[in-house]
Amino acid sequence: MRAVANNLILHLHPTRVPAPALRFTHTWGLGGISALLTVILVITGVLLMFRYDASVERAYASIQTLETVVPFGALLRNVHHWSANLLVITVLLHLVRVFLTGGFFRDRRGNWIFGLFLLLIVLAFNFTGYLLPWDQLAFWAITVGTGLLDYVPVVGVLVANFLLGGREVGQAALRNFYALHVAVLPVVLMLALSYHFWRVRKDGGVALPDQTGPIEKLTTIPHLVGIELGIALVTLTAVMLFAMLVPAPLEAMANPAHPPNPAKAAWYFLGVQELLLHMHPLAALTLSAIGLLGLAAVPFWDRDDSAIGIGGRSARGRKAAWLGVALSLLLTPLLVVIDEWWLDLPALLPGLPTLVSNGLIPLGLTLAGLAGIYWLIRLALRTRHNEALVGLFSFTMNALVVLTLIGIFFRGPNMALVWPW
Ligand code: HEM
C-alpha cells in the first residue's frame with residue numbers, strides 16, 4: 001500500500017524539491033487546495049448523480065428528496081455546493097499569487113495562458129451546475145446570464161441557442177447543461193489539469209528567485225508531502241464544518257412567469273452584471289474581454305524576468321500593489337455612486353445613439369482611467385514599468401472584488417443601490 005502511495009506521489013512530484021519551494025508564502029498552497037477541491041467535487045458529484053433527475057418536472061423534487069429523505073444527502077449537496085464556490089475563490093487567488101510572484105516568466109508563459117483556460121472551465125462548471133436544482137435562483141440567474149450572450153456580435157445568438165437548445169431556459173437547456181456539467185466539462189478539466197501539472201513539473205516547479213550558488217534540495221517524501229497533507233486536512237475540515245453549518249440555498253421551484261426582484265446573476269458574474277448597470281451590454285462585455293486578453297498578454301507586457309519569484313517584483317512593487325488596492329477601494333464605489341445618482345450620459349448627449357453615449361464613451365473613459373492609474377502609480381512612486389503593472393493589476397482585481405460585493409450586498413429591488421443594514 002505504502003509502495004503504491006509513494007509511487008503515485010513520485011509520478012506527480014520529482015523525488016527532490018528545492019528547499020525554498022517549500023516555503024508556504026511561495027504558493028499559499030492555493031494550487032494544491034484547488035486540486036483537492038476538484039477531487040472533492042468529482043466524488044460528491046458522482047454520488048449526487050445517483051439521485052438527481054434532469055427533468056424540469058422532477059429536478060427540484062429530486063433535490064428536495066435528497067435533502068430530506070436520503071441519509072447524509074443534504075450534507076453531500078452542501079459539500080458539493082460550497083466546494084464549487086470555494087474553488088472559484090481559490091483559483092482566482094492562485095492566479096493572483098502566480099502573477100505577484102512572477103510565475104509567468106520564461107518557460108511558464110504558456111502555462112499562465114493555459115491557466116486562464118482552466119479558470120474559464122471552472123466558471124463554466126459553476127455556471128452549468130447553477131441551473132440543475134431548478135429553483136427560482138437557478139432559473140433566473142441562468143436566464144440573466146445567457147441573455148447576455150445575445151449582445152455578443154455574430155456568434156452570441158448561435159451559442160445561446162446551442163446552450164439552451166432553443167430561445168428559452170427549459171427542458172432542453174436543463175438537459176444540455178447537465179450533459180455539459182457531468183460529461184463534457186469533467187473530461188476537459190481532467191485533461192487540462194493533467195497538462196497544467198505536467199507543465200508545472202517540466203518548467204521546474206514553482207517560480208523561485210534566481211540563485212547564484214547551489215540550491216539546497218530536500219526529498220519530496222516526507223518534506224513536501226507532509227506540508228500537502230497538512231493543508232489538505234485543514235481544507236477538508238473547513239469545508240466539512242462549513243457544509244455542516246451552512247445549507248446550500250434552495251428557493252421555491254422555478255417559475256418562468258414570476259421573475260424575482262432583483263434577478264441577480266451567480267455571484268462570480270455579479271461584477272459583470274454591475275458593469276451592465278453602467279454601460280451598454282456590448283461595452284460591458286468588451287471591457288470584460290479586454291480584461292481577460294490583458295491577463296493573457298501579461299507575459300508579453302512584463303518582460304523583466306530578473307524579478308522572478310520575488311513577491312510584487314520589489315519593495316516598491318509591493319507599495320504599488322497597496323496603492324492600487326487603496327485607489328480602487330476609493331474610486332470604484334465613488335464612480336458607481338456618481339453614475340447611479342448623478343451622471344446620465346444618454347441624457348447629456350441626446351444626439352448620439354446609445355451605443356455611443358452609453359457604450360463607446362464609458363468604455364473609452366474606463367480604459368483611459370486605467371491608463372491614468374498606471375501613470376499615476378508610475379509617477380507617484382517612481383516605479384519601473386513592471387512595478388506599475390503590479391499596481392494596475394492590483395487595482396483591477398480589487399475593483400472586480402468591490403463590484404462583486406456591491407452586486408451581492410448593495411443592490412436591491414430593480415437593482416437600485418440599497419443600504420443592506
Ligand atoms: C482548477 C484550476 C487550477 C489548479 C488545480 C491549479 C493547480 C496548480 C498547482 C498545484 C500548481 C503548483 C504550485 C502551487 O501549488 O501553487 C500550479 C502552478 C501554476 N499555475 Fe495553476 N492551477 C489552476 C489554475 C490556474 C490559473 C487560473 C492560472 C493562471 C491564469 C494558473 C497558472 C499557473 C502557473 C503559471 C503555475 C506555475 C508557476 C508557479 O507556480 O509559480 N493556474 N497550479
Side-chain angles (χ1 to χ4, degrees), residues 9 11-14 17-18 20-42 45 83-127 129 185-210 220 223-225 227-232 234-235 268 291-302 305 307-313 393 396-397 400:
I9 291 165
H11 267 87
L12 287 170
H13 294 301
V17 282
L22 297 182
R23 228 173 284 146
F24 186 63
T25 46
H26 271 303
T27 63
W28 294 98
L30 289 162
I33 294 175
S34 307
L36 173 67
L37 289 172
T38 311
V39 174
I40 296 176
L41 283 164
V42 171
S83 302
N85 282 277
L86 186 58
L87 182 63
V88 177
I89 298 174
T90 57
V91 168
L92 280 172
L93 288 176
H94 171 61
L95 180 152
V96 171
R97 189 288 288 169
V98 173
F99 176 87
L100 289 178
T101 55
F104 55 82
F105 287 125
R106 302 178 193 161
D107 294 344
R108 295 180 180 85
R109 181 192 295 178
N111 214 10
W112 165 263
I113 296 170
F114 193 77
L116 291 175
F117 173 61
L118 273 174
L119 172 66
L120 293 182
I121 301 176
V122 168
L123 290 177
F125 247 119
N126 270 270
F127 188 63
L185 289 169
V187 174
V188 177
L189 184 68
M190 285 309 138
L191 291 174
L193 275 181
S194 312
Y195 178 76
H196 190 60
F197 295 153
W198 174 74
R199 267 303 344 165
V200 173
R201 245 192 102 163
K202 195 152 178 2
D203 299 336
V206 296
L208 297 172
D210 288 331
T220 296
H223 295 96
L224 176 59
V225 172
I227 296 173
E228 286 180 340
L229 273 179
I231 295 175
V234 172
T235 310
Y268 34 84
L292 210 57
L293 288 175
L295 281 176
V298 154
F300 308 96
W301 232 1
D302 179 1
D305 64 2
I308 188 166
I310 301 169
R313 315 287 176 270
F393 173 84
T396 318
M397 294 307 278
L400 184 65

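Whatever order the structure lists ligands and atoms in, that order sets their numbers, starting from 1. Just so it is clear, the values below take in all heavy atoms, side chains as well, and ignore hydrogens, waters and symmetry mates.
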Study note, to complete from the structure: In terms of its nearest heavy atom to atom 18 (C) of ligand 1, the top option of V200, V98, I231, V96 is V200
Check your understanding: Which ligand 1 atoms does V206 reach within 4.0 Å, using its non-hydrogen atoms?
Key -> 13 (C), 39 (C), 40 (O), 41 (O)
Review point. If hydrogens are left out, which of H13, H94, H26 has an atom nearest to atom 23 (C) of ligand 1, that is, the closest non-hydrogen atom?
Key: H94
Practice item. Please could you name the atoms of ligand 1 that A35 approaches to less than 4.0 Å, counting only its heavy atoms? Key: 5 (C)
Exercise for review: Examine distances only and state if a side-chain atom of R199 and a backbone atom of W112 form a donor-acceptor pair shorter than 3.5 Å.
Suggested key: no
Check your understanding: If you draw a 6.0 Å radius around CH2 in W198, do more than 12 non-hydrogen atoms from other residues or ligands fall strictly inside?
Key -> yes
Review point. Under 3.5 Å, is there a donor-acceptor pair between the side chain of R108 and the main chain of G205?
Key: yes
**Study point:** Short side-chain to backbone donor-acceptor contact, Y195 and F114, under 3.5 Å
**Key:** no
Practice item. Answer yes or no: is there a donor N or O on one side and an acceptor on the other, between the side chain of R201 and the main chain of H13, under 3.5 Å? Key: yes
Review point. So, T220 side chain and P14 main chain: donor-acceptor pair closer than 3.5 Å or not?
Key: yes
**Study point:** Interfacing atoms of ligand 1 (cut-off 4.0 Å, heavy-atom, F197)
**Key:** 7 (C), 8 (C), 10 (C)
Practice item. Find all atoms of ligand 1 within a distance of less than 4.0 Å from any non-hydrogen atom belonging to L95, and give their numbers and elements. Key: 30 (C)
Check your understanding: Counting heavy atoms only, which part of D203 comes closer than 4.0 Å to ligand 1: side chain, backbone, both or neither?
Key -> neither
Check your understanding: Under 4.5 Å between any side-chain heavy atoms of I113 and F300, yes or no?
Key -> yes
Check your understanding: Salt bridge or not for R106 and D305, using N-O below 4.0 Å?
Key -> yes
Review point. Considering only heavy atoms from C-beta outward, does the side chain of T101 approach that of W28 to under 4.5 Å?
Key: no
Revision key, fill the gap. In terms of its nearest heavy atom to atom 40 (O) of ligand 1, the top option of R201, R199, R97, R108 is R97
Check your understanding: Does a side-chain heavy-atom distance below 4.5 Å link L120 with L292?
Key -> yes
Check your understanding: Is the closest heavy-atom distance from W112 to ligand 1 below 4.0 Å?
Key -> yes
Exercise for review: With heavy atoms of A207 as the reference, note each atom of ligand 1 found under 4.0 Å away.
Suggested key: 39 (C), 41 (O)
Check your understanding: For atom 27 (C) of ligand 1, what's the nearest protein heavy atom and its distance?
Key -> G115 O, 2.9 Å
Exercise for review: Report yes or no: is the cationic atom of R313 (NZ for Lys, CZ for Arg) closer than 6.0 Å to the six-membered ring centre of F99, at no more than 45° off its axis?
Suggested key: yes
Review point. For atom 4 (C) of ligand 1, what's the nearest protein heavy atom and its distance?
Key: L193 CD2, 3.8 Å
Check your understanding: Backbone, side chain, both or neither: what part of L116 comes under 4.0 angstrom of ligand 1, heavy atoms only?
Key -> both
Revision key, fill the gap. Here the atoms of ligand 1 under 4.0 Å from any heavy atom belonging to V91 are 1 (C), 2 (C), 27 (C)
Check your understanding: Which residue and non-hydrogen atom of the protein lie closest to atom 9 (C) of ligand 1, and at what distance in Å?
Key -> G31 CA, 3.6 Å
Check your understanding: How far is atom 33 (C) of ligand 1 from its nearest protein heavy atom, and which residue and atom is that?
Key -> H196 CE1, 3.3 Å
**Study point:** Sub-4.0 Å atoms of ligand 1 with respect to non-hydrogen atoms of G32
**Key:** 10 (C), 15 (O)
